[in-house]
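Worksheet for the structure shown next.
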Amino acid sequence: MQSKKMKRDASHKRPENASESWKFSRSFDSTINQTLLPAQRGPPFFHQKSVTMEEEGLAKNPNLELAQLRFQLVAGVAEDRAAALEKLLVAVKADNMAPFYKQLAADLAFPVDAALLASMEAANDAEIAKFDDQLAEAQKSQGETEVRESLLKKAEYICKIGDKERATKAFAAAAEKTVASGQRLDLQFNLIRLGLFHMDHDIIKAGIAKAKQLIEEGGDWDRRNRLKTYEAVYCMTVRDFKRASELLRDGLATFTSYELMTYKQFVAYTVIVSTFALSRVDLKSKIVDASEVKEAIYDLPLISNYLSSLYESRFADFFQSLAGLEGELQADRYLAAHVRFYTREMRILAYTQFLESYRSVALQSVADHFGVSIGFVDRELSRFIAAGRLHCKIDKVAGIVEATRPDRKNAQYQSLIKSGDQLLNRLQKLSRVITI
């Protein structure tokens with residue numbers, strides 16, 4: 001699936017003298033994307049299908065693919081809105097997801113089918129009543145294990161139909177009857193997925209914190225690795241890309257969380273956050289040369305070109321890939337909120353990497369290397385220089401960019417003096433207390 005931006009008319013040309021309002025996230029990616037070959041674009045990484053080992057993951061409950069479809073519809077980034085809505089409603093009807101159906105109607109402002117809603121609610125009530133009967137029978141004539149299983153099945157069903165509040169209470173009731181550490185961890189994974197489905201950060205944070213506590217008390221290898229993936233997804237949603245990169249890299253060789261995503265999606269996320277978080281040397285050793293990444297990235301042409309062009313300093317190709325990736329990230333529910341931040345930081349990283357090799361360089365040369373106009377480079381560099389993000393200055397008369405690298409030794413000296421002053425102040429306060 002391609003983003004809407006990647007489908008714009010290929011005859012659209014970047015104006016040589018664009019206005020100041022010409023933004024990277026609008027005109028730049030439109031201009032660059034027209035030059036992307038279909039093979040470079042590839043299918044969106046968050047729609048990649050897993051071909052093997054998916055049975056090793058936990059049950060897809062709730063189904064996060066439905067949450068992704070809902071996000072695309074609400075954000076207006078679905079390529080075919082009618083088809084996406086139809087696919088979502090088919091899944092809703094198949095599982096009688098009455099609570100989720102009401103949420104969709106409110107979010108997407110479509111009229112509720114009263115007859116359909118009534119039939120789904122009746123089916124929900126009948127199923128929950130059946131679980132209640134099983135629970136009553138288990139409490140009356142069976143043991144604690146059967147009681148727990150009845151509570152868990154009821155919680156999982158309520159979670160599946162999209163009722164967040166009731167599911168949270170039902171899982172809490174099941175947790176009270178759960179003793180084994182592995183089963184208690186699985187309940188927390190259920191809660192974290194519930195939080196991810198509804199993007200409820202309070203539920204996610206509480207679930208991760210409790211799962212970490214249980215892991216410290218004695219968690220097995222598989223659940224330890226699974227928790228890393230769950231936490232990494234949460235870190236991406238809150239823009240902690242460095243922590244997310246660390247956790248995702250740890251799971252490259254041990255990934256089994258197919259209930260969250262496919263392995264190719266996992267590798268794509270790993271590359272995206274690691275290009276932001278790692279230095280060029282670490283990126284080479286931990287991502288570019290990683291066998292797991294090499295194996296999966298062939299099926300991700302956009303991600304592959306994005307990674308290789310940045311590392312190999314092919315900046316024109318990198319800008320093309322970044323513009324293509326921007327369109328894909330805008331349709332991804334975990335990273336969409338951070339697209340402008342991410343693309344800005346990656347452009348700064350590319351400019352910094354390029355300018356490190358020069359004491360001065362012509363503006364025309366910079367524009368040629370990045371495949372953009374001189375006007376665009378001038379505005380980009382000026383903004384980043386004014387914000388203190390790039391250490392250089394522009395000589396408009398001579399048409400050159402001059403590097404003004406910071407004096408690292410002087411910075412270290414100033415840092416040492418500042419730290420020494422802080423230490424002396426603390427010692428003086430301590431001496432006064434001791435004297436008293």
What's the spacing between [X] [atom1] and [Y] [atom2] if we round to 0.5 Å?
{"X": "Ser365", "Y": "Tyr358", "atom1": "OG", "atom2": "OH", "answer": "5.0 Å"}
{"X": "Asp332", "Y": "Gln265", "atom1": "CG", "atom2": "CD", "answer": "8.0 Å"}
{"X": "Asn225", "Y": "Asp250", "atom1": "CG", "atom2": "CG", "answer": "8.0 Å"}

Is [Y] paired with [X] through a side-chain N to carboxylate O contact shorter than 4.0 Å?
{"X": "Lys153", "Y": "Glu156", "answer": "no"}
{"X": "Lys130", "Y": "Glu127", "answer": "yes"}
{"X": "Glu259", "Y": "Arg226", "answer": "yes"}
{"X": "Glu246", "Y": "Arg249", "answer": "no"}
{"X": "Arg314", "Y": "Asp317", "answer": "yes"}

- Taking only residues at least two apart or on different chains, which pairs with a member in residues 126-162 satisfy ring pair (Phe, Tyr, Trp, His ring centres under 6.0 Å)? Phe131-Tyr157

- Query: With a cut-off of 6.0 Å (strictly less than), are more than 12 heavy atoms of other residues, nucleotides or ligands near CZ of Arg389?
  - Reply: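 Count not over threshold, so no.
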
- Query: Do other residues, nucleotides or ligands put more than 12 heavy atoms under 6.0 Å from Glu295 CD?
  - Reply: no

- Item | Parallel, tilted or perpendicular: ring planes of Phe341 versus Phe241, cut at 30 and 60 degrees |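 Ring orientation of Phe341 relative to Phe241: tilted.
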
- Which pairs with one or both residues in residues 198-207 pass side chain to side chain donor-acceptor pair (under 3.5 Å), sequence neighbours excluded?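 Counting only pairs at least two positions apart or across chains, the side chain to side chain donor-acceptor pair (under 3.5 Å) contacts touching residues 198-207 are Lys164-Asp200.
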
- Would Phe354 and Phe370 count as a ring pair (Phe, Tyr, Trp, His ring centres under 6.0 Å) if you check the C-alpha gap in whole Å, the side-chain angles of each, and the deciding distance to 0.1 Å? CA-CA 10 Å; Phe354 174 78; Phe370 284 87; 5.5 Å; yes

